[in-house]
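Okay, so here's the structure we're looking at.
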Amino acid sequence: MTTLRSSSRDLWRAVLGELELQLPRPTFETWLKNTEGVSHDERQFVVAVPTAFAVEWLERRMYQAIHKAVEKVAQRPLDVQFRVDIDPSDDGEPAASPELSSVLEPGPATDTDLAQRQRQRLTRPLFNSRYTFDNFVVGECNQLAYSAAQAVAEAPGEAYNPLFLYSGVGLGKTHLLHAIGHICASRGQSVLYVTSEQFTNHFISAIRNRTTEDFRSHYRGVQVLLMDDVQFLSGKEQTHEGFFHTFNDLHTSGRQVVITSDRPPSALTLLQDRMRSRFEWGLIADIEPPGLETRMAILASKAALLKISIGDDIIELIAKRVQKNVRELEGSLNRIVAYLQLMNVDITYESTSRILDAVGSDSDRHNIEPESIIEKVASHYKFDTDVLTGRRRTKKIALARQVAMYLLIYELEMSPTQVGRMLGGRDHATVIHGAGKINGEISEDRQLRQDVLAIKEAIFS
Ligand code: ADP
Ligand code: MG
C-alpha cells in the first residue's frame, strides 16, 4: 500500500511540476497546491482535492491541461478522477496535509487512528465517492433510470442487458454509472468504467501497437462494462467494429453492459444499424430535467453533503433561479457558499439573492463580453475605458487594471495573453502578476472585496 501511495504521490508531484510551468501562478496556487495523488491503476489516476468547489473548478476548467500532463508524466493513457477528500471521520482535513501523509512513511506510526484512516483512504474504490445511489435524489424525472440502475447493480447481467441511459448534460448519467460501479466492485466483481473517448484511444493504440489481442482480453475479462457518453465514440468504422465485438463478447457471455448517451439509440446516427438495434435489446431509460421539487430536494441533499445549514426559503430561491440541469444547480450552490465564505457573510435570503445576481448562472456567464467587464471596472473607479488600456500608471489606475485582469481571467476564463491584448498590449506575465495579486489580496482586503463584488453585480445584472 505504501508503494502505491508513494508512487501515486510522486507521479502527481511530477505532474504538478509540469503544471506549475504552464499555468498562471494564482491559478496554480489556488487550485492545485493542496492536492495530492492518492492512487492509480492501469486506467485511472485519482487525485484528492480539499473541497467540492475545487473539484468542480478542476473538472470544468482545467481537466484538459491536467489530463495531458498526467499522460505525459505517466507515459500512457490514464483517466484522471478528482475526489473531494472531506471524510466525515477526519474533520474535513484534506489528505494533502503533510502530517497525514507522513503517517504512511516508514517509521513508527504512533497514531493508529490516523493510520487507519489512511488505510481506509487507500482501499477506497476508484469511483467517485460522491456518486453513490444514496447520494442520488430520486424524482419523477429520473425514477426509471434510477430503478433500472439499481436492478443492474443488484444482479448484473440478469436484469436488463444492456441498460441504455440517456439524457441531456448534467442530469446524472455518470453519477448512476459510478453508483453501479461502487456496488459491483464492493462485491468483488471486476468493473470497468470507460468513456467512449478512452475506449477509442485505447482501441486505436492497440491497433497501432498490434496489441489487439491484449485489448480484447482486457475488455473480455470484465464482468461489468460501464461505457459513458457513447455519442463520442469515434466516427471511424474500425472503432465501431471494435466496440461491436467487445459488446458482443460481453453480452453473449452474460456480462453486464451499461451505456450512456446524450440521445436515444435511434438518434445515434453515426452508429451502425446493427449496433443500434443491439442497444435496444435491453432497457432504454431516459432522465428528464428535474422539476422544482426535485431541484429543491437535490439542493438540500448537496447542502447536507457540504455540511452547511441553509433554510428552505433559500433553497427554493436557488432552485427557482437555476433550472437547466443538476450540474448547474450544484455549481450555483458551491459558488454561493464559496462566495459567502470569502466575503464572510451569513447565508440569508438577501445575501443569496444578491450573490445569485452577482455571480449569475453559467449560461449568463457565456453571454458576457470582455469589453463590458473593462467598461464596468472603469466606471466603478470613475475612469474612461481608455485609461485602463492606456499607458498611464498611477496607483489607482494600476489597481483598476489589475481588477480587470482578475475578472477577465477568473470570470471569463480568458487566457492571460488574450487579456493582455485587450488591455492595451500588455504581456502575459504582467497579467498573471496582476490577476494573482488581486486574487491574493481579496480575502484580506475588505475594500477590495466590496469593490469587486459591486463590479460583479454591475456586470451580471
Ligand atoms: P451527466 O453524466 O448526465 O452529464 P452527471 O452524472 O455528471 O451528469 O451529473 C452532474 C452533477 O449533478 C454530478 O455532480 C451529480 O452528482 C449531480 N446529480 C445529477 N443528478 C443528481 C440527482 N438526481 N441527485 C443528486 N445529484 C445529482
Ligand atoms: Mg456524464
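Treat the numbers as computed from the prediction; the structure is a model and nothing was measured. Counting starts at 1 for both ligands and their atoms, in listed order.
- Checking only distances, Gly170 does come within under 3.5 Å of ligand 1, N or O to N or O.
- Distances below 4.0 Å separate heavy atoms of Lys173 from the following atoms of ligand 1: 1 (P), 2 (O), 3 (O), 4 (O), 6 (O), 8 (O).
- In summary, Glu241 and Arg274 engage in a salt bridge, as defined by a charged side-chain N under 4.0 Å from a carboxylate O.
- Between Val137 and ligand 1, a contact under 3.5 Å exists for at least one N or O pair.
- Atoms of ligand 1 found under 4.0 Å from any heavy atom of Asn142, numbered from 1 in the order shown, are 23 (N).
- Between Glu330 and Arg130 there is a salt bridge, with a side-chain nitrogen of the basic residue lying less than 4.0 Å from a carboxylate oxygen of the acidic one.
- Using a 4.0 Å cut-off between charged side-chain N and carboxylate O, Arg354 and Glu350 make no salt bridge.
- The protein non-hydrogen atom at the shortest distance from atom 9 (O) of ligand 1 is Gly172 N, 3.6 Å.
- Taking the six-membered ring wherever Trp is involved, the centroid distance between the rings of Phe279 and Tyr166 does not fall below 6.0 Å.
- Among protein heavy atoms, the minimum distance from atom 6 (O) of ligand 1 is reached at His175 N, 2.8 Å.
- Taking the ring centre of Tyr193 as origin, the terminal cationic atom of Arg43 falls outside the region bounded by 6.0 Å and 45° from the ring axis.
- Not one N, O or S atom of Thr260 sits under 2.8 Å from the Mg ion (ligand 2).
- Given atom 7 (O) of ligand 1, the protein heavy atom at minimum distance is Arg327 NH2, 3.2 Å.
- Proximity of the aromatic rings of His40 and Trp12 is defined here by a centroid distance below 6.0 angstrom, and this criterion is not met.
- Here Asp228 does not pair with Lys173 in a salt bridge; the nearest charged N to carboxylate O distance is not below 4.0 Å.
- The shell of residues lying under 4.0 angstrom from ligand 1, judged by heavy atoms, includes Lys302.
- The nearest protein atom to atom 27 (C) of ligand 1, hydrogens excluded, is given as Val326 CG1, 3.4 Å; this is a heavy-atom distance.
- A donor-acceptor pair is defined here as one N or O able to donate and one able to accept, closer than 3.5 Å; such a pair exists between the side chain of Thr195 and the backbone of Gln198.
- Polar contact with ligand 1: present for Thr174 (N/O pair, distance under 3.5 Å).
- Shown in contact with Val169 at under 4.0 Å from a heavy atom are these atoms of ligand 1, numbered in order with element: 4 (O).
- In this structure, Tyr146 has its ring center under 6.0 Å from that of Phe133.
- Contact atoms of ligand 1 toward Asn135: 24 (N), 25 (C) (distance under 4.0 Å to a heavy atom of the residue).
- The closest protein non-hydrogen atom to atom 11 (C) of ligand 1 is Glu330 OE1, 3.3 Å.
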